[in-house]
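First listed ligand is number 1; within each ligand, the first listed atom is number 1. Along the sequence shown, the residues carry numbers beginning at 1. This one's a predicted model, so the numbers in the text were calculated from it and none came from an experiment.
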Amino acid sequence: MKKGKKLYEGKAKIIYATDDKNLVIQYFKDDATAFNNQKKSTIEGKGVLNNRISEHILSNLSQIGIKNHLVKRLNMREQVIKLVEIIPIEFIVRNVATGSITKRLGIEDGTVLKEPLIEYCLKDDKLGDPLIAEEHILAFDWASKKEIEKVKKMILRINDFMIGMFRGVGIKLIDFKLEFGRLKFNDKDEVILADEISPDTCRLWDSITDKKLDKDRFRKNLGDLIPAYTEVAKRLGILHEQSNVSVVNVTKLSSVKRKRK
Ligand code: 5GP
């Protein structure tokens with residue numbers, strides 16, 4: 001497969017064309033942003049870890065029948081994905097109240113929700129991804145009623161599966177963000193799961209200590225983001241438990257090898 005021109009560059013990923021009109025390449029950057037781009041940094045190795053973790057989760061979801069854009073991982077930083085038209089909504093799923101909902105509604109941090117709560121935000125950086133109601137989605141044709149109903153069913157199944165998967169490795173799935181897209185070049189306009197699922201898009205707390213193993217380490221200046229993401233990857237069985245070589249070192253080693261050739 002030939003990598004073509006850059007089609008889109010987001011905050012954490014770049015999309016490249018390929019010689020197949022149905023497929024694109026998703027490249028995971030090391031850039032980290034928070035608070036609507038006000039806080040920015042580059043954290044070496046983050047893209048590599050997110051690529052691996054997202055691949056793991058999306059392939060597991062595929063096995064339980066959740067259709068998604070992942071075709072295959074290509075290398076340390078890239079995966080081949082199906083080209084979709086992204087629905088301009090961020091679907092936020094909450095099992096425990098923390099983050100923006102606690103500030104917005106005065107809910108006590110750490111409150112366990114009776115049932116998973118789905119919130120919708122308009123995907124628009126200039127507006128700061130504002131919270132919207134389902135009625136807004138329908139009123140402005142961002143998605144159809146049928147699409148929303150299908151997406152809600154998929155979200156609850158994804159949440160159930162991910163809660164179990166993380167619980168099995170001693171991690172609480174607090175909340176996360178999902179994006180969905182319409183398959184291009186498909187007459188049925190099928191909606192599938194897209195984007196990424198990683199510690200950048202989820203809140204993950206250690207089951208016993210409540211230690212944060214996600215992007216809040218960057219947002220809240222807690223440090224040790226790479227060790228936290230590595231811990232998630234190790235617990236999921238993606239990186240070898242006894243592996244002493246950090247992902248950062250692996251990235252450095254591979255770039256040294258490339259230079260020597
Ligand atoms: P909150 O609304 O509390 O800030 O975020 C809720 C959940 O959605 C968190 O897991 C957070 O990581 C994720 N999330 C919400 N918006 C974004 C976003 O624009 N980018 C990323 N990476 N995650 C987001």
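Closest protein heavy atom to atom 5 (O) of ligand 1: R203 NH1, 3.6 Å. Of all protein heavy atoms, the one closest to atom 13 (C) of ligand 1 is K177 CB, 3.6 Å. Counting protein heavy atoms only, atom 2 (O) of ligand 1 is closest to S100 OG, 2.6 Å. Among protein heavy atoms, atom 21 (C) of ligand 1 sits closest to D200 O, 3.7 Å. D175 OD1, 3.2 Å is the protein heavy atom nearest to atom 9 (C) of ligand 1.
Heavy-atom neighbours of K40 NZ from other residues, nucleotides or ligands within 6.0 Å: at or below the threshold of 12.
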Verdict with reasoning, R182 to E147, per salt bridge (Lys or Arg N to Asp or Glu O under 4.0 Å): CA-CA 9 Å; R182 300 178 189 99; E147 285 174 332; 2.6 Å; yes

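Of all the heavy atoms of R219, the ones lying under 4.0 Å from any atom of ligand 1 belong exclusively to the side chain. Counting heavy atoms closer than 4.0 Å to ligand 1, residue I92 contributes side-chain atoms (C-beta onward) but none from N, CA, C or O. Counting heavy atoms under 4.0 Å from ligand 1, residue C202 touches it through the backbone alone. Only side-chain heavy atoms of D129 come within less than 4.0 Å of ligand 1; its backbone N, CA, C and O stay farther off.
Interface of G99 with ligand 1, defined as ligand atoms under 4.0 Å from a residue heavy atom, comprises 3 (O). Heavy-atom proximity to F176, at under 4.0 Å, picks out these atoms of ligand 1: 8 (O), 10 (O).
Listed for the S54 side chain is a donor-acceptor partner under 3.5 Å among the backbone atoms of I197. No donor-acceptor distance shorter than 3.5 angstrom exists from the side chain of H69 to the backbone of L83, with no hydrogens or angles considered. Judged by distance alone, the side chain of R217 and the main-chain N or O of K212 form a donor-acceptor pair under 3.5 Å. Under a 3.5 Å cut-off, the side chain of K29 and the backbone N or O of G10 do form a donor-acceptor pair.
No cation-pi contact links K46 to Y229, judged by a cut-off of 6.0 Å to the six-membered ring centre and 45° from its axis.
When the options E90, K11, R94 are ranked by their closest heavy atom to atom 16 (N) of ligand 1, first place goes to E90.
The aromatic rings of F140 and W142 are tilted relative to each other, their planes meeting at an angle between 30° and 60°.
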